[in-house]
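For reference, the structure discussed in these notes is given below.
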Amino acid sequence: MPACRKKSVDGLRRTHDAEGGDGRQRGIRLWHNTIIHGYFKRLETSMVRASLPKLSTREKIVSAAADRFHALGYSACGVQEIVDAAGVPKGSFYNYFKAKELLAVEVLGTYWEGVRIDMLADKSVVPVERIRGHFEHIASLYARFGYERGCLIGKFVQELSETTPRIRQDVVSEVVRWIGLLASTIREGQADGSVASELDADRIARFLINSWGGAAAGMKIVKSRAPLDDFFSTTFSLLLQPSPNSSARRNPVQRRTVVKSSRIKRAAGRKLR
């Protein structure tokens, strides 16, 4: 008998002799509890897995492509890398997509659904909070990935060319729709007095989207929300209509006139006394 096994057996015998067999009974109970615990643990895991929706092959390809496009961009990501990430045969790819560009169009469609630009059309929410809520929603998507995955639209915009007309058409049309919804919301805010009336809604909408893209790029560099917070603080200090008593938006001539008028009134008051 091997020394280690003999030592183990001897130890069990000593425990049994010293405790009148109670040690053996405790060992049996321990073994029984371990088996039962393991059984229920495996059962619980199986139930959780069964409750999760199973992705179809097409969904696996689209999900893997989104991840790889975020990481590498469109041009540097090949079909083989996508199917490897999806865990499906390369032949399966061509059962669903005739070309990588068509897959990219579907990935972009899924991305647009995720960023919820339709929130800007929700008339039940006041305009300023609608704008804030929309961008906060996108920020929450970034947070899920530790601020390491930015805007997929910006990724594709950098690579737009005449060789990918379907992608170009999709990105341009959706960005135009995004700008239009944002500009319309800004005009609603101007109509209800919550947004500064002197702002050009279309120009500000384009500026905000471009600024958001820059903030998302900065976020990836520092891997934190800080650049997004800069966007929020600057955006809403720009948009919000000042109170009637505020002189923050008066031009220098207006401010000098107010100051001069106040001095004249004070001087007149002193003469009357």
Side-chain angles (χ1 to χ4, degrees), residues 55-118 134-182 205-231:
L55 296 179
S56 66
T57 299
R58 184 189 187 96
E59 290 169 332
K60 288 178 181 178
I61 293 171
V62 173
S63 178
D67 179 73
R68 294 295 81 204
F69 288 152
H70 268 291
L72 304 173
Y74 176 78
S75 300
C77 182
V79 171
Q80 187 63 56
E81 181 153 13
I82 293 170
V83 296
D84 287 347
V88 301
K90 191 171 184 179
S92 298
F93 177 92
Y94 295 103
N95 289 336
Y96 300 102
F97 304 99
K98 300 304 179 185
K100 185 178 73 169
E101 185 179 6
L102 298 178
L103 170 61
V105 169
E106 182 156 336
V107 169
L108 284 169
T110 302
Y111 184 80
W112 282 116
E113 290 177 7
V115 298
R116 296 286 314 279
I117 64 175
D118 60 293
H134 167 59
F135 285 109
E136 283 286 6
H137 168 71
I138 303 176
S140 72
L141 301 180
Y142 296 160
R144 294 180 190 177
F145 296 94
Y147 302 108
E148 294 182 349
R149 177 185 285 191
C151 179
L152 186 60
I153 306 306
K155 200 88 171 179
F156 274 84
V157 164
Q158 296 171 12
E159 301 184 55
L160 288 179
S161 69
E162 298 302 326
T163 61
T164 54
R166 289 289 301 274
I167 297 175
R168 186 183 186 89
Q169 177 185 351
D170 178 83
V171 170
V172 170
S173 64
E174 287 300 311
V175 169
V176 167
R177 187 166 78 94
W178 193 9
I179 292 171
L181 284 170
L182 188 52
R206 292 192 297 271
F207 171 76
L208 293 183
I209 289 174
N210 290 332
S211 299
W212 181 256
M219 168 202 77
K220 288 180 63 179
I221 294 172
V222 299
K223 296 181 180 180
S224 83
R225 185 189 155 100
L228 305 182
D229 288 333
D230 291 341
F231 169 86

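- For the 3.5 Å distance criterion, the side chains of His134 and Trp212 fail to qualify, holding no donor opposite an acceptor.
- Atoms CG and CZ, on Leu103 and Arg58 in that order, are 8.5 Å from each other to the nearest 0.5 Å.
- Between the CD atom in Glu101 and the CD1 atom in Ile167 there is a gap of 4.5 Å [rounded to 0.5 Å].
- Atom-to-atom distance recorded for Lys90:NZ and Asn95:CG is 13.5 Å, nearest 0.5 angstrom.
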Could you go step by step and tell me if Phe207 and Ile179 meet the side chain to side chain contact (heavy atoms under 4.5 Å, CB included) rule? CA-CA 9 Å; Phe207 171 76; Ile179 292 171; over 6 Å; no
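- Counting heavy atoms from C-beta on, the side chains of Leu152 and Val107 come closer than 4.5 Å.
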Please step through side chain to side chain contact (heavy atoms under 4.5 Å, CB included) for the pair Glu148 and Lys220, ending with a clear verdict. CA-CA 5 Å; Glu148 294 182 349; Lys220 288 180 63 179; 5.9 Å; no
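- Arg68 and Glu81 make their closest contact through NH1-OE2, 3.3 Å (heavy atoms, listed as atom of the first residue, atom of the second, distance).
- One finds the CD atom of Glu106 at 11.0 Å from the CG atom of Asp170 (value rounded to the nearest 0.5 Å).
- When side chains are defined from C-beta on, Phe93 does not count as touching Thr57, because their heavy atoms never get closer than 4.5 Å.
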Verify salt bridge (charged side-chain N to carboxylate O under 4.0 Å, His left out) between Asp67 and Arg149, making sure each step is shown before the conclusion. CA-CA 9 Å; Asp67 179 73; Arg149 177 185 285 191; 2.6 Å; yes
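- Glu59 is listed as a side-chain neighbour of Ser56, based on a closest heavy-atom distance under 4.5 Å.
- At least one side-chain heavy atom of Val222 sits under 4.5 Å from a side-chain heavy atom of Pro227.
- Atom OG of residue Ser63 and atom CD1 of residue Ile82 lie 11.5 Å apart, to the nearest 0.5 angstrom.
- Of all heavy-atom pairs between Val88 and Lys60, the closest is CG1-CD, 4.3 Å.
- Proximity of the aromatic rings of Phe69 and Tyr74 is defined here by a centroid distance below 6.0 angstrom, and this criterion is met.
- Considering only heavy atoms from C-beta on, Cys151 comes within 4.5 Å of Tyr111 through its side chain.
- Side-chain contact check for Phe97 versus Val79: every heavy-atom pair is 4.5 Å or farther apart.
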Working note: Trp112 + Val175, criterion side chain to side chain contact (heavy atoms under 4.5 Å, CB included); need CA distance, chi angles, decisive distance, verdict. CA-CA 10 Å; Trp112 282 116; Val175 169; 4.2 Å; yes
Ile153 and Leu108: side chain to side chain contact (heavy atoms under 4.5 Å, CB included), yes or no, with the steps? CA-CA 8 Å; Ile153 306 306; Leu108 284 169; 3.8 Å; yes
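- The shortest distance between side-chain heavy atoms of Ile61 and Tyr96 falls below 4.5 Å.
- Residues Leu228 and Tyr147 form a side-chain contact, since some pair of their non-hydrogen atoms from C-beta on lies under 4.5 Å apart.
- Here the CZ-CG distance, from Arg166 to Leu102, works out to 5.5 Å after rounding to the nearest 0.5 Å.
- Side chain of His70 to main chain of Ala65: no donor-acceptor pair is present (N/O by atom type, distance under 3.5 Å, no hydrogens or angles).
- Heavy-atom minimum distance, Arg225 versus Ala139: NH1-CB, 3.7 Å.
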